Amino acid sequence: MESILIVRAPRPTIRRVPIAPPLLRWFRRVARDLPWRRTRDPYAVWVSEVMLQQTQITTVLPYYDRWMKRFPDVRALARARLDRVLKAWEGLGYYARARHLHRAARLLERGRFPTTKEAWETLPGIGPYTAAAIASIANGERVPVRDGNVHRVVARLLRIEAPISSSAAQREINAFLEREIPARVPGDFNQALMELGQRVCLPRSPRCGECPVTTLCRGRIAGVQEDLPRRVPRKTVPHYEVGVGICWKGDRVLVARRPERGLLGGLWEFPGGKRRPSETYARTVTREFREEVGMEIEVGPRLVTVPHRYSHFSVELHAYHCRWRKGSARALANDGVRWVRPRDLARLAFPTANRKIIEALLRPRSLPSPDKTQRRQSATR
DNA sequence: TATTCGTGGGC
DNA sequence: TGCCCAAGAAT
């Protein structure tokens with residue numbers, strides 16, 4: 001039969017793969033026990049979709065609930081200080097999302113929410129995926145979403161062998177979705193496709209027996225579903241060793257706020273930096289305090305070592321108790337410095353690795369009176 | 001087009 | 001246990 005098509009059409013014609021009806025039936029069944037309730041309120045959809053960028057639903061849920069209590073509408077968000085916004089985002093990662101959300105809320109405060117994908121995409125922090133998701137769910141616009149789930153599901157359904165990033169694969173996926181997305185419930189179709197990817201069409205060991213469109217799946221029919229989409233080899237990530245100082249002055253410790261652009265932008269941290277080759281951690285911390293806050297310190301005993309992994313490198317944070325010697329703390333390499341009582345650190349937003357240092361700091365046993373102990377012990381690697 | 005942006009969970 | 005992956009966007 002296929003040969004007839006090829007004879008009649010010189011260019012290979014894409015066969016229809018009518019997935020919408022079985023997919024939507026399946027979605028309505030599983031939607032009953034979704035762990036979350038989707039509204040069509042633009043603000044709620046917007047917030048949740050931004051939180052869901054590169055982040056799984058189970059991670060997002062508690063953040064989303066807390067967020068909607070603290071910032072119930074766009075006006076509340078627009079009027080909040082960035083520090084409070086980052087505190088609400090603390091631990092969720094990719095902090096530019098929070099800064100963009102905040103900035104977009106201020107742009108929107110007096111206006112109306114966008115009503116089309118094109119208009120949503122002009123807001124900071126909203127790209128092709130998020131704009132399409134909001135427009136289809138909140139505004140009922142017939143636009144398909146393309147995220148990691150959709151790419152995987154469609155690559156298997158159509159047996160796309162080219163890497164997803166290739167323009168050929170992109171075109172094929174686009175054409176397929178444009179054709180199959182129903183006009184009546186585009187948002188349900190999009191969510192169904194993503195939900196299928198999340199719970200059935202898994203990256204490894206897909207559960208084809210539970211799949212509502214398994215009989216339409218060319219990858220499955222050919223038995224190559226496990227190998228699709230084609231993976232691209234990952235680069236190995238660098239590793240850094242970092243020295244960090246918990247610098248005491250009386251009953252307070254010094255924290256610095258990171259510049260708003262870049263990694264962990266706008267969050268607070270204990271000053272420190274990468275250890276240079278053949279440098280002791282004591283020297284690293286001493287040098288970094290000089291460079292970052294213009295202060296002379298004395299390094300004491302190690303508090304804790306925290307391994308941590310970011311998206312594109314890994315670190316080991318070696319945290320040392322220190323004592324202030326001379327010089328007032330200045331914000332030389334950051335946006336601000338502050339002396340804080342340990343119990344008040346909870347008010348500020350810290351990256352997760354620094355949270356682990358704080359945790360160690362607040363454990364009763366870990367709080368030696370630094371004035372007595374630190375002279376005797378010296379910091380080594 | 002390629003890199004830089006976090007973190008948690010699964011196996 | 002070290003990888004892999006995740007409802008991507010900005011630059």
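These numbers were taken from a predicted model, which means no experiment stands behind them.
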Picking from C:dA6, B:dG6, B:dT7, the nucleotide nearest the side-chain atoms of A:Pro351 would be B:dT7

Using a cut-off of strictly less than 4.0 Å, decide whether A:Arg261 has a side-chain nitrogen or oxygen near OP1 or OP2 of C:dA10. no

Those residues that, when tested against A:Glu109, pass side chain to side chain donor-acceptor pair (under 3.5 Å) (two or more places apart): A:Arg79

What residues from residues 306-317 of chain A pass a heavy-atom cutoff of under 4.0 Å to DNA chain B? A:His308, A:Arg309, A:Tyr310, A:Ser311, A:His312

Measure from the side-chain heavy atoms of A:Tyr95 and tell me the nearest of C:dA9, B:dG10, B:dT7. B:dT7

Got a sec, which pairs hit ring pair (Phe, Tyr, Trp, His ring centres under 6.0 Å) with one end in residues 189-242 of chain A, sequence neighbours left out? A:Tyr240-A:Phe313

In A:Tyr64, A:Tyr63, A:Trp67, the residue satisfying ring pair (Phe, Tyr, Trp, His ring centres under 6.0 Å) with A:Trp89 is A:Trp67

For the base of C:dG8, is there a side-chain donor-acceptor partner from A:Tyr129 under 3.5 Å away? no

Which one, C:dC5, B:dC5, C:dG8, comes nearest to the side chain of A:Gln54? C:dG8

Sequence neighbours excluded, the answer for side chain to side chain donor-acceptor pair (under 3.5 Å) partners of A:Arg103 is none

Set of side chain to side chain donor-acceptor pair (under 3.5 Å) partners for A:Glu90, sequence neighbours left out: A:Lys87, A:Arg355

Just the rounded figure in Å: distance from C1' of C:dG8 to CG of A:Leu123. 16 Å

Test question: given the 4.5 Å side-chain rule for I, L, V, M, F, W and Y, name all other residues clustered with A:Val232, or answer none. none

Within the structure, does a side-chain N or O atom of A:Thr59 lie under 4.0 Å from either OP1 or OP2 of B:dG8? no

